[in-house]
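Some notes on the structure that comes next.
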Amino acid sequence: MGKVLMKGNEAMALAAIKGGCDAFFGYPITPQNELPEYLSKHMQANGRVFVQSESEVAAINMVYGAAGAGARVLTSSSSPGIALKQEGITYIAGAELPAVIINVMRGGPGLGGIQPSQGDYKQITRGGGNGDYYLYSLAPESLQEAVDLIKESFEIADYYRNPVMIAVDGLIGQMMEPVDFDHEVKKWDLKPKDWVADGDRKSHPKNIINSLYLDPTDLENHNLKLKKKYDDMKANHQRYEMINMENAEIAIVAFGSTSRIARTAIQLLKEQGVNCGILRPITIYPFPEKAFKELPKEVKDLVVVEMNTGQMIDDVKIATMGTHNIHFYGRVGGIVPEAEEIVDAVLKARGESNE
Amino acid sequence: MGKVLMKGNEAMALAAIKGGCDAFFGYPITPQNELPEYLSKHMQANGRVFVQSESEVAAINMVYGAAGAGARVLTSSSSPGIALKQEGITYIAGAELPAVIINVMRGGPGLGGIQPSQGDYKQITRGGGNGDYYLYSLAPESLQEAVDLIKESFEIADYYRNPVMIAVDGLIGQMMEPVDFDHEVKKWDLKPKDWVADGDRKSHPKNIINSLYLDPTDLENHNLKLKKKYDDMKANHQRYEMINMENAEIAIVAFGSTSRIARTAIQLLKEQGVNCGILRPITIYPFPEKAFKELPKEVKDLVVVEMNTGQMIDDVKIATMGTHNIHFYGRVGGIVPEAEEIVDAVLKARGESNE
Amino acid sequence: MAKGRIIIDEDKCKGCNLCTFYCPVHILELNKEKTNARGYTPLMVTDPDKCIACSFCAMMCPDSVITVERFIKEDNHG
Amino acid sequence: MAKGRIIIDEDKCKGCNLCTFYCPVHILELNKEKTNARGYTPLMVTDPDKCIACSFCAMMCPDSVITVERFIKEDNHG
Amino acid sequence: MSNTKIVYEKSKALEDVHLSYCPGCTHGVIHKLVAESLVELDILDRAVGISSVGCSALNYDFFTCDMQQAAHGRAPAVATGIKRFKPDSIVFTYQGDGDLGSIGIAEAIHAAHRGENMTIVFVNNAIYGMTGGQMAPTTLIGQKTTTSPEGRTEAQAGLPLRIAELMATIPGATYIERVSVHDPKHVMKAKKALKKAFEIQKNKQGFSLIEFISTCPVNWGMTPKKAVDWAVDNMIPYFPLGVYKDKLAGENK
Amino acid sequence: MSNTKIVYEKSKALEDVHLSYCPGCTHGVIHKLVAESLVELDILDRAVGISSVGCSALNYDFFTCDMQQAAHGRAPAVATGIKRFKPDSIVFTYQGDGDLGSIGIAEAIHAAHRGENMTIVFVNNAIYGMTGGQMAPTTLIGQKTTTSPEGRTEAQAGLPLRIAELMATIPGATYIERVSVHDPKHVMKAKKALKKAFEIQKNKQGFSLIEFISTCPVNWGMTPKKAVDWAVDNMIPYFPLGVYKDKLAGENK
Amino acid sequence: MINEQLIIAGFGGQGVMLMGQLLSFAATNKDINTLWFPSYGPETRGGTANCSVTISEESVNSPVISKPDSLIIMNKPSLAKFQDKLKKDGCLFINTSLVKDVPIRDGVNVYKIPANDIASKLGNPKVANMVMMGAYLAVTKVFSQEDIIEVLKEKFVGEKASLIGINQEALNEGAKAVTL
Amino acid sequence: MINEQLIIAGFGGQGVMLMGQLLSFAATNKDINTLWFPSYGPETRGGTANCSVTISEESVNSPVISKPDSLIIMNKPSLAKFQDKLKKDGCLFINTSLVKDVPIRDGVNVYKIPANDIASKLGNPKVANMVMMGAYLAVTKVFSQEDIIEVLKEKFVGEKASLIGINQEALNEGAKAVTL
Ligand SMILES: Cc1ncc(C[n+]2csc(CCOP(=O)(O)OP(=O)(O)O)c2C)c(N)n1
Ligand SMILES: Cc1ncc(C[n+]2csc(CCOP(=O)(O)OP(=O)(O)O)c2C)c(N)n1
Ligand code: SF4
Ligand code: SF4
Ligand code: SF4
Ligand code: SF4
Ligand code: SF4
Ligand code: SF4
Ligand SMILES: [Mg+2]
Ligand SMILES: [Mg+2]
C-alpha cells in the first residue's frame with residue numbers, strides 16, 4: 001500500500017484500525033464526523049465494534065466498559081463534546097484503563113464555532129475532570145504524523161493503562177494529504193492484560209475495574225501510584241521536534257497545525273535574513289521541558305504561536321523559568337493565522353528585544 | 001443576628017440566600033448534601049426557586065436558563081459532579097452569564113472518595129470545558145470567609161457576567177464554626193440587566209442568550225472581549241492574605257483549609273524559633289501573582305502545601321519565574337495533613353536550602 | 001375570475017418547488033428564466049385568474065414567501 | 001418433630017429482625033443476651049422442634065445468615 | 001386593490017431574515033406554526049424560545065421573541081431554569097430528534113416528570129440534519145445514513161424510538177400529540193395541536209410536547225416533495241399521528 | 001446428622017464478606033436473587049456485573065464474578081461497552097432509582113433502544129439511600145425526604161416516574177417486569193422473573209429489565225419490617241407489579 | 001483562658017457527633033471561638049465515627065487536632081486509634097461499659113466511666129453519651145452543666161423537650177462517676 | 001519543478017471542492033506532495049465554499065495559502081474576497097457566466113471563461129467546474145488532462161463511469177476557451 005490521499009478524519013479512522021482498535025464509541029459532532037462515518041463502514045466489515053452512542057457521556061462510559069473488558073478502544077469528538085466526557089475521562093484514568101481519545105478542536109467557549117482552533121489546550125493538558133490525573137497528549141502536525149501517532153497511541157495507552165489524547169484541530173480533520181499507512185511505529189513493552197473484567201473466568205481469577213477508594217489511605221496510595229506514571233511520562237516520554245534550530249537567533253514555539261504554518265513563516269523569515277527556529281512540542285502532556293534546555297544560547301526570545309488566547313504560555317514559562325523573553329501571537333475563534341502574520345510577530349519580538 | 005454556629009454546607013446555603021440568590025439548581029452528592037437540603041427548605045419559604053435536578057448536567061443548564069432570564073443563580077456539587085458540569089460551565093462563560101458554583105471538593109480521580117481534598121485545583125483554575133474562558137475562583141479558609149465571599153460572589157458574577165467558582169473542600173463543608181451573617185460585603189458597581197431573555201418584552205427589546213458564533217471573525221472578537229474580562233480580573237481583582245510575613249525567613253503558600261492548618265504550623269515553628277510566613281491565595285483564579293512581589297527579600301524558599309499532588313506548583317512557578325526555591329508538601333486521597341507534618345516540611349525545605 | 005391573488009417575495013424564495021404541488025388549480029411553477037440574489041429560481045403564477053385564495057401554497061412554503069389576498073367584492077356575491 | 005433445622009451464622013447477623021416475621025411457626029427471635037462482633041443482637045431459634053424447613057426465614061434474610069437443612073428421613077415417611 | 005383582505009402573510013413573530021434551512025425543508029413550516037400560535041394566543045411578548053443544537057440552532061435569529069440558545073439536548077433544562085424563575089413567561093423549546101431523542105432524552109423526560117409548565121416543539125426528521133446526515137434514534141430500519149451506510153439494522157442499532165409514546169407514559173405530562181406537515185390539511189391540524197399545547201401552558205396546566213414529522217430533503221437525498229411523500233409513506237406508518245396523552249380530557253389513544 | 005439435605009444456603013456467587021447495607025435493607029435480598037440466578041443458570045463464570053453509584057456502589061466486593069464499577073447513571077453504557085466487545089459474556093447492571101431513574105435515564109433508555117443483550121437489575125426504593133435520603137424520581141407524593149422536607153408535592157416536583165411502564169414503550173426492549181421482595185412468595189416470584197431475564201440474555205434475545213420494589217429502612221426512618229409493610233401499602237399501589245413487556249410472548253400487561 | 005482541643009470517638013449511632021456539637025454550641029453562646037469537625041470511617045453504616053472540637057478564646061486555626069487535650073472514647077477500636085495522640089497529662093475518658101481488657105497508655109489522666117451501664121440504669125441506653133459528657137465537664141470544667149442544658153433547651157423543642165430531664169440526670173451521673 | 005498554490009472559490013454546490021481534490025489525487029498518483037484544505041462559510045447551505053490546494057515537489061508546510069499562484073473564481077463574491085491575495089503575475093481564472101461587471105485588479109494574468117454557458121451547451125450545467133479545470137490545466141500545465149481523467153476513472157466507477165465522457169469534453173472546451 002503506497003501513499004493514499006485521504007481526508008484527515010478518515011485517515012485517523014483508518015490509522016485506528018491499523019493500530020488494532022477493537023471498538024469505537026462516539027457521537028457525531030463537526031468537524032470530526034468523517035471519522036465515525038468511516039468507522040461505521042469499516043469496523044463492522046472487519047468484525048470489530050462500532051456503536052454510535054446516544055451522547056458523548058454514554059460514549060466515554062462505553063469506552064470505560066470495553067477498555068475494562070480488555071479492548072483497544074477509541075472515541076473521538078470535538079471541543080464541547082470533550083467537555084462532556086470529562087467525568088468519564090477521570091474515571092478511566094482513575095480506574096487505570098487504556099483508551100484513545102481524539103479531539104478535533106473547534107472554536108469555543110460554549111457552542112463556539114466549527115472552524116479550527118487550539119482552544120482546548122488547557123482542557124487537554126490540565127485535565128477537565130476532578131482529581132489528580134493527566135492524559136498522555138499528542139499533537140501531530142500532519143496527517144502522516146497523526147496516523148503514525150494514532151497507531152502507536154494504542155500501545156502507549158496499554159503500556160500506561162491511562163488514556164491517551166490525540167489533540168488535533170479542524171484543519172487536520174478536514175485537510176487531505178497523501179499518507180503511508182504502513183510506517184513502522186514503536187512497539188511498547190506490554191504486559192498481558194490479566195486485569196480485565198470481561199467475564200471470561202476460565203482464563204483469569206475475579207477482576208474488578210474500579211476508581212472508588214473509600215479509605216483515604218488506600219486512595220492516597222492509589223494517587224501516588226498514578227503520580228508515578230505521570231512522573232515516568234515526564235522523565236522518559238517527552239516528545240518534540242527542533243526545526244532549523246542550529247543557527248537560530250530566535251525561535252517559535254508552536255504545536256499541531258500552527259507549527260506547519262510556522263514552517264512556512266521561517267522560510268519567509270530566512271528570505272529576510274532572519275534565522276528563526278521552531279520548537280515543536282509533540283507531546284503537550286508531558287510538556288517537552290527538556291527541549292528548552294537544548295535551545296541554542298543565542299535564542300533569547302521565544303514567540304509562542306497558537307490558535308487560542310495563549311494557553312501554552314504557562315507551560316513555556318514553567319519550562320524556562322525566566323531564562324527567555326516570551327512573546328505571543330495568537331488567532332482565535334476559528335481564524336487560522338497566515339504565515340505572514342507569524343513573520344510579523346517574530347520580527348516584532350526581535351525588534352522589541354533589540355530595542 | 002449575632003454569631004450562629006452552623007455546619008459549613010448550611011452556612012454557605014444561608015450565605016447564598018443573604019447574597020440575594022434567586023434560584024438554586026443542583027443534584028445530591030457527598031460531601032455537600034446539607035447545602036441543597038437546607039435550601040430545599042429555605043428557598044421556597046422565601047419565595048425563591050429550588051429545584052433538585054435530574055443530574056449535574058441538567059442542573060448547570062437550568063442555571064444557564066435562569067441566569068439568562070436575569071436570576072442570581074447558585075449550583076453546588078462536588079468533584080465528579082463538577083466534572084459533569086464542564087460543558088454547561090463553558091456555555092455559561094461563553095454566553096456571558098453570571099452564576100455562582102460551589103465545589104465542595106473530595107478525593108479523585110473518578111469516583112475517588114468522599115473525604116476532603118483540593119484535587120480539583122486545575123479543573124477549577126484552568127477550566128475543564130472547551131475554549132478560552134476562566135472562572136473567577138475564590139478559596140475561603142473559614143466559614144466566616146466562605147459566607148462573606150459567597151454573599152459577594154453574586155455581585156462579582158453580575159459585574160463580570162461570568163461564573164464565579166467557590167472552591168472549598170469537605171472540611172469546610174462539614175465543619176461547624178460560629179458565623180456572623182451580617183458582615184457588610186463589597187457592593188460592586190452593577191449595570192442594570194438589560195440583556196436578559198426572560199420573555200418580559202414590555203420592559204426590553206428582544207434579547208438573545210447565545211454562545212454560538214459561526215463567523216470566525218465574530219467569534220474572534222467575542223474571544224477577545226472575554227479575554228479583556230480575564231485581564232481585568234488579573235489586573236484589579238487578585239486577592240490574597242500575607243500572614244506573619246514581616247520578619248519571615250521562609251514562607252508557606254497554601255489556600256483554603258490547608259492554610260488554616262499552616263496557621264497552626266507557623267505557631268509551632270515560632271516555638272522552634274523559625275519565623276515562617278504564609279502567602280494565602282484567596283483568588284486561585286486570578287492567581288495572586290502580585291503577592292509574590294511583596295514577599296520579603298529574606299524569603300528565598302516557598303513551601304507549597306496542598307491536599308493534592310502539587311497542582312498549585314505551576315502557578316507558583318509562573319508567579320516567581322525562578323526567583324524562589326519551590327518546595328512541596330502534599331497529602332492526597334482525603335487525608336488532611338496535620339500541622340506537625342507541615343512543620344517538618346518547612347524545616348526540611350529550610351535545611352535543604354541551608355545545606 | 002380570481003377570488004384573490006398571491007404576492008411572491010421573490011428574493012426569499014428558495015425555488016424548492018414544494019408549494020407548486022399543493023395548488024388545487026395548478027397555477028404555480030418555478031420561473032426558470034429568473035435567478036434571485038441567492039441564486040435560486042423563484043416561484044411564479046402561470047394563470048393568476050384561476051387563484052381561489054385558498055392559501056395552500058402559502059401554508060406549505062417553509063420560507064413565508066407567499067402572501068395571499070382575497071378580493072372582498074367576491075364575498076358580496078356569496 | 002422437626003422437619004429440619006436452621007443454622008445461624010451469628011457473626012453475619014445484623015439483628016434486623018426481618019426474618020422473624022416470616023417464620024410460619026413463630027420460632028425466631030433476636031437473642032437479647034448476645035452481642036456479636038459488630039455489635040448486633042443476633043437471631044436465635046426458640047423452639048427448634050417446630051422448624052418445618054420452609055426456608056422462609058432464609059429467603060428473607062438480606063445477609064445470607066441462615067442455612068436451612070431438611071432431615072431426609074422425614075421424606076421417607078411421606 | 002383596496003378591496004382586498006390579506007388571508008395569509010408572514011407571521012409577525014418571524015424576523016424578516018433569510019432562514020438558514022435548505023430549500024423545501026419543513027423546519028420552516030414548523031417555524032411558521034410556532035410563530036402563528038404565539039401571535040394568535042397573544043403570548044408573543046412574554047415568550048422565550050430555546051434554540052437547541054441541530055439545523056435549528058440559529059433560530060434565535062428567526063423568532064421575534066426573546067431567545068436562549070441551549071447546549072445540545074439540554075433545552076428542557078434551560079427552559080426549566082427560565083420558567084421556574086419567571087413563571088409568567090411562556091417558554092418553548094425547539095428540538096430535533098438527535099437533540100431530544102438521543103443526547104437530551106433525560107432532560108425531556110425529567111421536564112415532563114416534574115410537570116414543568118412548558119411546551120416542547122419536537123421535530124422528528126429521522127436523521128441528524130445539521131451534522132450531515134448521521135443516524136438518529138428515530139432513523140427507520142433500512143434507512144441509509146452516513147453512520148448506517150448499508151441501512152439501519154435492528155441487530156446493530158435496535159428499533160427506532162417512538163418519542164411521543166414514551167413521553168406519554170410519564171405521569172407528570174399533560175399533553176402529547178404527534179402531527180405532520182405534509183399537506184395543508186395536516187398543517188392546519190398540526191397548528192391546532194400546537195395552539196392547544198401553548199394554551200395549556202398559558203393556563204398553567206403543565207407540560208406539553210408536540211412531535212412533528214418533518215423532512216430532511218438534503219440528507220435524505222430527495223427533492224422536497226419526494227421527501228414529504230417519503231415521510232408519509234415510511235415515517236407515519238411507524239410513527240402514527242394522534243393524541244398520545246391528554247390529561248385534561250382523561251387519557252386518550 | 002448425615003441424613004440432612006441443605007435446602008437453602010448462601011449462594012456461591014456471593015463473597016464471604018459483610019455486606020455494607022444497613023440492617024434489614026432489602027438490597028441484600030435482591031443480591032441473593034442475582035447470585036442464585038447466575039449459579040442456577042450456570043452463567044456465573046462468564047458474568048460481568050456493573051456496580052453503579054448508590055448504596056450498592058461497593059457490590060463489586062460482594063459478587064464473585066468479574067465486576068466493573070460505573071459512574072453514576074452510566075452503568076448501561078459501561079455494560080454496552082463490555083457486551084459489544086464480548087458478546088458471549090453475561091452482563092448485568094445493578095442500579096438504584098436515583099442512578100437509573102434520574103441521572104441515568106438516558107443510558108437505560110438507549111441501551112433498551114439499541115436492544116443491547118443485557119439485564120438491568122433496577123432497585124426502586126423511592127429515595128437516594130447512599131447520600132442520606134434525598135428525593136428520588138420515584139419518591140411518592142407526600143413522602144418526606146431531606147430535599148422534600150414537607151413531603152413531595154406535585155407542584156414542586158411532579159408526579160413520581162414509573163420506570164417499568166416507561167421502559168416498556170421502547171421498541172428495542174424484550175422483557176420488562178416489576179417485582180417485589182416483601183415476603184417469601186414474592187421473593188420466589190421475583191427470582192423467577194430475574195431468571196427469565198438472564199435466560200433471555202443467555203439466549204441472545206435482547207434487553208431485559210427487572211424493577212424491584214425495595215426498602216430503605218434507615219432513610220425512611222422505619223424498622224425493616226415496617227419498611228417492607230410501607231412498601232406494600234404505598235409503593236405497590238403506585239408501582240403495580242407485573243410483566244410490562246414480553247416481546248417473546250407478544251406484548252402483555 | 002479556655003483553650004481546649006478534644007476528640008470524641010465511637011461507633012456511628014452512639015451520639016458522638018452530638019456531644020461535640022453541644023460543646024460548640026455552648027461555646028458560641030458564650031461568644032467563645034469554636035470549631036467542630038466530623039470524620040466518618042469508610043463504612044457509611046455502623047462504622048466508626050469521631051469528631052474534633054476546639055474551644056478557644058483565641059482564633060481557631062487547624063480544624064485537625066493532632067495532640068488533643070482530652071479524649072472521650074466510646075468504644076474499643078477508638079481507644080486503639082486515638083490514645084497515642086493524647087497530649088502528655090491529657091484527660092482520657094473511657095466508656096468502660098464497652099471498652100474492657102485493653103491496655104491503656106501511661107502519662108495521661110484516665111477516667112473510667114461505665115457509661116452504657118449507667119445510662120441503662122437511668123432507663124435510656126441512648127444517653128450514654130451524656131453520661132460521658134457529665135464526666136468530661138466535671139473534670140475539665142470547660143463548661144458548666146447548665147451551659148449544656150441551656151443548649152439542649154434551645155435544640156430540644158416541642159416533643160423532644162421531655163428528654164431534657166433524662167439528659168440532666170445523665171450529666172449528673174457522669175459527673176458523679178468521676179468525682180466520687 | 002512543480003510548486004503550485006491554488007485557491008478555488010465559489011458557491012456550495014458548484015463542485016469547487018471536487019476540483020481541488022482531483023488535483024490532489026493527480027499529484028498523489030505521481031507521488032508529488034499535495035495538501036487540500038476546504039473552507040466553508042458560516043452558512044452551512046448555499047453559502048460560499050472554497051478550497052486551497054498545494055502541489056509541490058518539496059514538502060508542504062502551511063495549509064493556509066496567503067499568496068496563491070492561481071485563483072479559480074466561480075462566482076461574484078469570491079472574486080471580491082480573493083483577488084487581492086493573488087500573487088503578482090499570478091493566474092486568475094474567472095467564470096464569466098456568473099461574474100460580470102466587476103472590476104478586476106491589475107498585475108495578474110486574467111482568463112475569462114463563460115463556464116456555465118459552455119457547460120450548458122455541453123448539456124450538463126454541472127460540469128462548469130470541469131470547464132474551468134480545463135482552462136486551468138491548459139494555462140498552468142500543472143497536470144495534463146489525462147492525469148485528471150485518470151483520477152476520474154479511479155473515482156467514477158459503476159454507474160458514474162458514464163460521466164467521464166462529458167467531463168472529458170468539458171476539459172477540452174475549457175482548454176479551448178483559453179487557447180483560442
Ligand atoms: C455536545 C454536542 N454534541 C454534538 C454536537 C454536534 N451536533 C450538532 S447538531 C447535532 C445533531 C442534530 O440533529 P437533530 O437534533 O436531529 O436536528 P436536525 O439537524 O436534524 O434538525 C449534533 C450531533 C454538539 N454541537 N454538541
Ligand atoms: C456524578 C455524581 N453525582 C452524584 C453522586 C452522588 N450520589 C451517590 S449515590 C447517589 C444516589 C443514589 O441513589 P439510588 O441510585 O437511588 O441508590 P440507593 O442508594 O438508594 O440504593 C448520588 C446522588 C455521584 N457519586 N456522582
Ligand atoms: S392561494 Fe391556492 S389557488 Fe391561489 S396560488 Fe395558492 S394554492 Fe393556488
Ligand atoms: S415559494 Fe416557498 S415553497 Fe414555493 S418554491 Fe419558493 S420557497 Fe419553495
Ligand atoms: S425454615 Fe421455616 S420454620 Fe424453620 S425457622 Fe425458618 S421460617 Fe421458621
Ligand atoms: S438472620 Fe438475617 S434477617 Fe434475621 S435478624 Fe439476622 S440479619 Fe436480620
Ligand atoms: S440539513 Fe436537512 S433538516 Fe437541516 S435544514 Fe437541510 S434539509 Fe432541513
Ligand atoms: S441507606 Fe437505605 S438503601 Fe442504603 S443500605 Fe441503608 S437502608 Fe439500604
Ligand atoms: Mg433530526
Ligand atoms: Mg434509591
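No experiment lies behind these values; they were computed from the predicted model shown. Naming convention: chains lettered A, B, ... in sequence-line order (proteins, then strands); numbering from 1 in each chain.
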Query - Flag for F:Thr145-F:Thr139: side-chain donor and acceptor within less than 3.5 Å - result: no
Query raised in the report: Who in residues 42-58 of chain D is close to chain F, using a strict under-4.5 Å heavy-atom cut-off?
Result: D:Ala53, D:Ser55, D:Phe56, D:Ala58
**Report entry** Contacting moiety of F:Val228, where chain D heavy atoms sit under 4.5 Å
**Finding:** side chain
Query raised in the report: Would you call D:Lys34-D:Glu10 a salt bridge at under 4.0 Å N-O?
Result: yes
Query - Distance (rounded to the nearest 0.5 Å) between F:Asn219 CG and F:Gln143 CD - result: 10.0 Å
**Report entry** Value rounded to 0.5 Å, distance of CD1 in F:Ile50 from CZ in F:Arg74
**Finding:** 14.5 Å
Query raised in the report: Rounded to the nearest 0.5 Å, what separation is found between the OH atom of F:Tyr21 and the CE atom of F:Met130?
Result: 9.5 Å
Report summary line: Of the listed F:Glu9, F:His27, F:Lys32, the one with the largest count of heavy-atom pairs under 4.5 Å with chain D is F:Lys32
Query - Under 3.5 Å side-chain donor-acceptor pair for F:Ser37 and F:Glu40 - result: no
**Report entry** F:Asn125 side chain to F:Thr215 side chain, donor-acceptor N/O pair below 3.5 angstrom
**Finding:** no
Report task. Please state whether the side chain, the backbone, both or neither of D:Ile66 comes within less than 4.5 Å of a heavy atom of chain F. Result -> backbone
Query raised in the report: Should F:Arg46 and F:Asp66 count as an ion pair when the cut-off is N to O under 4.0 Å?
Result: no
Query raised in the report: Do F:Lys191 and F:Leu194 come within less than 4.5 Å of each other through their side chains, counting heavy atoms only?
Result: no
Query - Under 4.5 Å from any heavy atom of chain D - which part of F:Leu14 - result: side chain
Query - Top of D:Cys16, D:Cys61, D:Cys19, D:Pro62 for chain F proximity - count of heavy-atom pairs under 4.5 angstrom - result: D:Pro62
Report task. Using a cut-off of under 4.5 Å on heavy-atom pairs, state which of F:Asp183, F:Val187, F:Thr223, F:Thr26 scores highest against chain D. Result -> F:Asp183
